[in-house]
Number of protein chains: 2
Amino acid sequence: MINIRTTKEETMEQLIKRQAGESQDVSVVVADVLKQVKARGDEALKEYTKKFDHADLTTFKVSAAEFDEALAEITPEFLAILEQAKQNITNFHEKQVQRGFVSTNEQGIVMGQRVLPLETVGVYVPGGTAAYPSTVLMDVLPAKIAGVSQIVMITPPNKEGKIPAAILAAAKVAGVDAIYKVGGAQGVAALAYGTETIPRVDKIVGPGNIYVATAKRMVYGLVDIDMIAGPSDILIVADETAQPKWLAADLLAQAEHDTLAQAVLVTTSEAIAKEVQAELRQQLAVLPRREIAQASIENNGKIIVAQSLEEALTLANRIAPEHLELCVAEPFALLGKVKHAGSVFLGHHTPEVLGDYFAGPNHTLPTEGTARFYSPLSVDDFIKKSSYLYYSKEALQASADQVIAFAEMEGLDGHARSMAVRKESKQ
Amino acid sequence: MINIRTTKEETMEQLIKRQAGESQDVSVVVADVLKQVKARGDEALKEYTKKFDHADLTTFKVSAAEFDEALAEITPEFLAILEQAKQNITNFHEKQVQRGFVSTNEQGIVMGQRVLPLETVGVYVPGGTAAYPSTVLMDVLPAKIAGVSQIVMITPPNKEGKIPAAILAAAKVAGVDAIYKVGGAQGVAALAYGTETIPRVDKIVGPGNIYVATAKRMVYGLVDIDMIAGPSDILIVADETAQPKWLAADLLAQAEHDTLAQAVLVTTSEAIAKEVQAELRQQLAVLPRREIAQASIENNGKIIVAQSLEEALTLANRIAPEHLELCVAEPFALLGKVKHAGSVFLGHHTPEVLGDYFAGPNHTLPTEGTARFYSPLSVDDFIKKSSYLYYSKEALQASADQVIAFAEMEGLDGHARSMAVRKESKQ
């Protein structure tokens, strides 16, 4: 199980050393897949889907009949939960909508910034055990709110060429325009270059395995991408008012995602540390995804005893966790000390799981310490800005000499002349 | 010189085919540079600086004495222009500052989003003929406004180990914290990994050659980067009220940057098209950077006659230019039709050059059609967001069943239990 340590020991540097960008190199394989899809389009997609997903498809697009079939499989209760989650997520993300601005002055200068939606977005939804309808809602709804006119989704099919019903239902609820059954690097390539059936998009979002992540990195610049997601992580800061049973359950909820997931508890109470250790053992014994969770806990789990909440927060900021739970008596008093965290869960009654599905904030968050510079997925990810400028004749004349001097200093006479021809003109 | 064509001809597809991500592959060379700098730090930087920049440095950091020397070289007039440009750029970018938000409800749910500055940012400033003090202002000032606490700049030295005085002066005016004399992929590596003397940063911004761009792409994820910048471009839409002499000067201002730069005129007037063609010939003859501008015009220059402004704007949107001049009688009437453009210059008296230095909007703009999804560099590039969530005991109880059902649907029992242990508790 997890050893209990103090912040004085080597654990701190070990935790911080867990950094992004250190993953397996599959770029040679992925580069070839990209090249093939770019050159041969749908034909290459079919070959790869047969090879990697063992599905022999004649067409990629999910049909209306398939949607109907999926919706018939879903219980009305679950559909109602999806709708409520949609409402909560929408309420939160609508607050993110940016407006443009304009400034005018008496000289006759107008300048401003417009906010415009992206036109076409591709959402990658992983297959297999990681097929989560919540991901569909979290990735699609901010794009809808931003005003994206075409949202396409890709996801790998199973051997029978099918997509899970819950994924199709979530796509329907979220308002996806089309779904294509293709995954992996080949799916990313299709979205980046476009094929006969799959439209080229402006941005690709969504989590995926190392092949998907590498493909996204390689097409970055040709299209935009969201952050490169690594294994998920949580850091829980707990004082003596926390419930060991709840803390252990929260650590395991993280650990069951992936053997590479990281669950860390930093507590000011040695008693809590020991009780959580015992609770982990008990709860693991009856957890269905025990094998995954146990491997995660053994590889990356840590319980650390800190001298003070101050010290605990210093450690949290150095780790920059994806999820940060503050299971303390006065969580709001600590919020201002948090410098780097994807999403913060305040108090004893706010388990991270609330943020995974339902509450409203996005669950697509920066992993592996990248909360230092990345943000949760938001409406901002689906817009772009465009600036504009207008000078009156008088305003141009008033600033011409300064601009000409600047251009000459940079050795760009053509730039200076573009001002000078106007300055000298009677027009 | 440039042939005049109409939008019916093949030019349209040719223009649109000029897309990002198609550049020379130097990734093998760059990967080795990254590896060496990561492993050997300053020692590797010294070797590469000797090899590539022919400068034998003992120390990378620009000293206070070097700053003083540079400021003594700069005229008070130019310093005043830099200060005025700083003021204008600051005024515009201060309008971009985002605030967080919070929402509360009667159930006892609090959720919100905080906006936090990045801590450390690295600014790349190219050397040689592309050493522009304006780039220093444009890249550094938004970071200052965002509240970044440490801004370091790197730029390759000349053979004598020096940096141009204008660059150092602009860095001083902008408020850079430290400058290091290192460029190329090795400079990017130093910022991404940190060395004995150069701090590791959270984000790298600034233009550079293919080696710099490739290095940025390869470290993306470990640190954040700004967009991958390609050759600069302009598209001018002109009606019959435009001045051919001014249009030609504006095209050449773009063309003199780089033989790969692209300058395109789309006009509704065949007479204007012909006069601009003649003007280009005359003005090129006396342009100091004639060779570069002529190559750019011959390779990538186009004059296109459109049937209507509507048609011209459709073409502009398909190209998604970095700079879009609307040299027409009623430019504001066209602004709403612009869907994809980095920065728009409205009317006859607003040459693009105004935006390069002085007016206020940023000159770091999306190139090669990437205005479809990228934005001008802004204060937003130097902040990150962090969401937070608080549920009261009552709010948790009210939503527990729905969250548990959602978790079970996704097959994540550990997630369901994290809710269930709280639901069942008397605490």
Side-chain angles (χ1 to χ4, degrees), chain A residues 20-21 78 81 95 101 111 118 132 202-203 221-222 224 228 243 245-246 249-250 252-253 256 287-288 341 343-347 349-351 353 355 357-361 372-373 375-376 384-391 393 396 402-403 405-406 409-410 413-415 417-419 421-422 427, chain B residues 20-21 78 81 95 101 111 118 132 166 202-203 221-222 224 228 245-246 249-250 252-253 256 287-288 341 343-347 349-351 353 355 357-361 372-373 375-376 384-391 393 396 402-403 405-406 409-410 413-415 417-419 421-422 427:
Chain A
F78 187 63
I81 295 173
K95 297 205 165 54
F101 61 80
M111 57 183 129
L118 302 189
Y132 299 141
D202 296 320
K203 182 163 185 166
L222 179 61
D224 194 15
I228 310 266
Q243 299 291 324
K245 190 175 183 178
W246 303 0
D250 296 357
L252 291 176
E256 76 171 344
L287 193 69
S343 196
V344 185
F345 300 86
L346 297 149
H349 302 282
T350 318
V353 169
Y357 308 110
F358 200 72
R372 289 189 65 83
F373 46 83
S375 303
K384 78 238 183 178
K385 289 156 279 185
S386 177
S387 57
Y388 60 92
L389 183 66
Y390 168 85
Y391 267 50
K393 185 155 79 173
L396 178 95
Q402 288 176 297
V403 177
F406 207 135
M409 168 57 108
E410 293 198 343
D413 293 83
H415 283 56
R417 284 166 197 219
S418 164
M419 292 296 292
V421 290
R422 286 170 171 87
Q427 303 294 328
Chain B
F78 187 63
I81 294 172
K95 297 206 165 55
F101 61 79
M111 57 183 131
L118 302 189
Y132 299 141
D202 297 320
K203 181 162 186 166
L222 179 61
D224 195 16
I228 310 266
K245 189 174 183 179
W246 303 359
D250 296 356
L252 291 176
E256 74 171 346
L287 193 69
S343 197
V344 185
F345 301 86
L346 297 149
H349 302 284
T350 317
V353 169
Y357 308 112
F358 199 75
R372 288 188 65 82
F373 46 83
S375 303
K384 78 235 184 180
K385 290 157 279 184
S386 177
S387 57
Y388 60 92
L389 183 65
Y390 167 86
Y391 266 51
K393 187 155 74 173
L396 179 95
Q402 288 176 298
V403 177
F406 207 135
M409 169 57 109
E410 292 198 345
D413 293 83
H415 283 56
R417 285 166 197 221
S418 164
M419 292 297 291
V421 291
R422 286 170 170 86
Q427 303 293 328

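Atoms considered below: every heavy atom in the structure, side chains included; atoms not considered: hydrogens, waters and symmetry mates. Labels below follow one simple rule: chain letters A, B, ... track the order of the sequence lines, proteins then strands, and each chain is numbered from 1.
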query: Are any of the side-chain heavy atoms of B:Lys384 and A:Phe373 separated by less than 4.5 Å?
result: no
- prompt: chain B: which of A:Ser343, A:Gly414, A:Pro288, A:Ser387 shares the most heavy-atom pairs with it under 4.5 Å?
  reply: A:Ser387
- request: Go through B:Ala249, B:Gly347, B:Ala253 and name the one with the most non-hydrogen pairs under 4.5 angstrom from chain A.
  value: B:Ala253
query: So do the side chains of B:Pro351 and A:Met419 get within less than 4.5 Å of each other, counting heavy atoms only?
result: yes
message: Whether B:Lys245 and B:Asp250 form a salt bridge (side-chain N of Lys/Arg under 4.0 Å from carboxylate O of Asp/Glu) is what I want to check.
response: no
message: Which atoms of B:Phe345 are under 4.5 Å from chain A, going by heavy atoms: the side chain, the backbone, both sets, or neither?
response: both
query: For the candidates A:Val403, A:Leu118, A:Leu346, which exhibits the highest count of non-hydrogen atom pairs separated by less than 4.5 Å from chain B?
result: A:Leu346
query: Any idea which of B:Leu389, B:Val353, B:Leu287, B:Leu396 has the most non-hydrogen atom pairs under 4.5 angstrom with chain A?
result: B:Leu389
message: At a 4.5 Å cut-off on heavy atoms, which part of B:Lys95 comes close to chain A: side chain, backbone, both, or neither?
response: both
statement: The side chain to side chain donor-acceptor pair (under 3.5 Å) partners of B:Ser386 (sequence neighbours excluded) come to none
field: Residue list, side chain to side chain donor-acceptor pair (under 3.5 Å) with A:Ser375, at least two apart or on another chain
entry: none
- line: When the 4.5 angstrom heavy-atom criterion is applied to B:Phe406 and chain A, the contacting part is both
query: Under 4.5 Å between any side-chain heavy atoms of A:Tyr388 and A:Met111, yes or no?
result: no
